[in-house]
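Okay, so here's the structure we're looking at.
Chain naming here is simple, since letters A, B, ... match the order of the sequence lines and numbering starts at 1 in each. Bear in mind that the values here come from a model prediction, so they are computed numbers and not experimental data.
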Amino acid sequence: MKLATWNVNSLKVRLPHVLAWLAENPVDVLCLQELKMDHPVFPLAEIEAAGYRAVWYGQKTYNGVAILTRAPLEGEAVVTGIPGFEDEQRRVIAATVNGVRVICAYVVNGEAVGSAKFEYKMAWLAALERYVAEELARHPALALLGDYNIAPEDRDVYDPEAWHEKVLCSTPERAAFQRLCALGLSDAFRLFNQEDKQYSWWDYRAMMFRRNLGLRIDHILITEALKARAAGCEIDRTPRKWERPSDHTPVVLTLSQ
DNA sequence: ATGGTTGATCCTCAA
């Protein structure tokens with residue numbers, strides 16, 4: 001079983017990329033973030049024609065998340081948003097696929113440390129932590145995939161000095177990431193030997209991708225039950241090289257069975 | 001040098 005996550009930065013623009021990538025990488029689960037698309041205009045027909053089912057939580061202009069699966073989704077277990085957390089921004093959707101609880105999350109960017117948006121980011125992360133803790137009590141096999149907008153360590157940053165205590169890299173954000181891990185989750189990418197300087201996002205500006213100046217901010221966190229099945233985790237830079245790419249590229253987890 | 005680009009919308013905002 002393969003699970004992947006990809007911030008597509010507008011599904012309208014990136015649908016051809018998603019379909020082309022799925023044709024080459026027929027993963028079982030693909031979590032998408034930043035659909036930037038109103039709920040009713042989701043391109044379900046094109047996705048079904050590619051052999052996938054989908055659940056989504058769309059929003060005009062901003063945010064929006066989806067889970068694409070090859071297998072049927074189990075029952076009525078689809079949950080949108082963070083239960084109990086009032087949020088106008090549509091950033092979370094959860095579903096159960098092949099016995100795995102899949103939570104797809106688009107974490108708040110936060111703009112700058114100390115800004116109002118940063119305060120929202122930290123409150124949002126606290127709500128996510130509580131939600132995931134509740135889900136873990138019910139689902140031993142759980143994966144939390146998405147754009148975390150957090151680079152967990154300096155080795156996930158092309159220039160740690162330039163980014164020192166900047167948004168995406170600050171101590172409180174990294175502490176929030178560690179609190180999620182402390183619930184019993186592991187960063188799947190770091191379970192395996194990896195080449196240095198592997199990132200999942202590169203700013204569109206200043207030819208950052210060509211110079212490989214990026215951050216690793218897209219992650220797949222998994223429970224012990226899935227860790228026992230984890231066979232590999234890779235960042236696929238290929239779509240970032242395509243014409244008119246998203247600024248993020250997919251991260252893929254392979255499970256045995 | 002506080003720069004640069006992209007997407008959605010309506011020209012500025014968010015990333």
Side-chain angles (χ1 to χ4, degrees), chain A residues 5-21 31-43 46-47 56-66 81 87-93 104-125 128 145-152 156-170 172-174 176-177 199-219 235-251:
Chain A
T5 181
W6 192 3
N7 178 324
V8 290
N9 186 20
S10 166
L11 184 57
K12 180 182 177 183
V13 173
R14 234 65 69 185
L15 181 61
H17 284 202
V18 171
L19 298 177
W21 189 79
C31 294
L32 301 177
Q33 301 88 36
E34 277 207 274
L35 306 183
K36 292 186 171 179
M37 171 181 279
D38 203 5
H39 196 78
V41 299
F42 186 84
E46 291 90 338
I47 286 166
W56 66 99
Y57 192 39
Q59 177 179 352
K60 195 176 179 182
T61 309
Y62 306 116
N63 313 306
V65 286
D87 194 357
E88 293 181 353
Q89 304 191 14
R90 298 186 167 192
R91 297 178 171 275
V92 183
I93 188 166
C104 170
Y106 173 46
V107 175
V108 177
N109 174 283
E111 189 184 28
V113 176
S115 68
K117 287 175 188 168
F118 188 82
E119 294 307 310
Y120 167 54
K121 180 177 194 172
M122 298 312 298
W124 195 94
L125 283 164
L128 179 69
L145 309 90
D147 176 0
Y148 285 64
N149 270 315
I150 300 172
D156 301 312
V157 181
Y158 68 92
D159 185 344
E161 287 186 26
W163 283 81
H164 180 69
E165 294 301 338
K166 294 288 197 295
V167 73
L168 314 185
C169 301
S170 74
E173 290 163 275
R174 287 177 171 177
F177 184 86
Y199 310 120
S200 66
W201 168 85
W202 301 260
D203 197 300
Y204 282 122
R205 297 167 284 190
M207 297 187 294
M208 298 290 263
F209 179 67
R210 275 170 51 176
R211 299 153 67 199
N212 193 31
L213 305 180
L215 305 180
R216 192 176 69 91
I217 57 177
D218 300 85
H219 309 295
I235 297 173
D236 182 3
R237 296 160 48 101
T238 308
R240 191 62 175 79
K241 302 171 186 171
W242 293 346
E243 191 176 344
R244 209 177 177 194
S246 168
D247 44 354
H248 297 250
T249 209
V251 183

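Atoms CG (A/N9) and P (B/dT6) sit 11 Å apart, rounded to a whole Å. The NZ-C1' distance, from A/K12 to B/dA8, rounds to 9 Å in whole Å. The distance from atom CZ of A/R14 to atom C1' of B/dA8 is 12 Å, rounded to the nearest whole Å. Distance A/F209 CZ to B/dT6 C1': 16 Å, rounded to the nearest Å.
Under a 3.5 Å cut-off, the side chain of A/H17 and the backbone N or O of A/V8 do not form any donor-acceptor pair.
Checking A/N109 against A/K121 by side-chain atom types alone, no donor-acceptor pair falls below 3.5 Å. Side chain to side chain, A/N63 and A/R91 meet the donor-acceptor criterion of an N or O pair below 3.5 Å.
Listed by chain and number, the residues in a side chain to side chain contact (heavy atoms under 4.5 Å, CB included) with A/I47 are A/L15, A/F42, A/P43, A/Y52, A/A54, A/L68 (sequence neighbours excluded). Listed by chain and residue number, nothing satisfies the side-chain hydrogen bond (donor to acceptor under 3.5 Å, both in side chains) test with A/H164 (two or more places apart in sequence, or in another chain). Qualifying side-chain hydrogen bond (donor to acceptor under 3.5 Å, both in side chains) partners for A/D247, counting only residues two or more places apart in sequence or in other chains: A/W201. Under the side chain to side chain contact (heavy atoms under 4.5 Å, CB included) criterion, A/S170 pairs with A/V113, A/F118, A/E165, A/P172, A/E173, sequence neighbours left out.
Comparing B/dA15 with B/dG4, their C1' atoms are spaced 13 Å from each other, to the whole Å.
In this structure, the separation between CZ on A/F209 and OH on A/Y199 is 12.5 Å, given to the nearest 0.5 Å.
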Identify each atom pair where a protein N or O and an N or O of nucleotides 13-15 of chain B are less than 3.5 Å apart, giving names and distance.
from	atom 1	to	atom 2	distance (Å)
B/dA14	OP2	A/K117	NZ	3.0
B/dA14	O5'	A/K117	NZ	3.2

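Using a 4.0 Å cutoff on non-hydrogen atoms, the parts of residues 237-245 of chain A near DNA chain B are A/R244, ordered by number.
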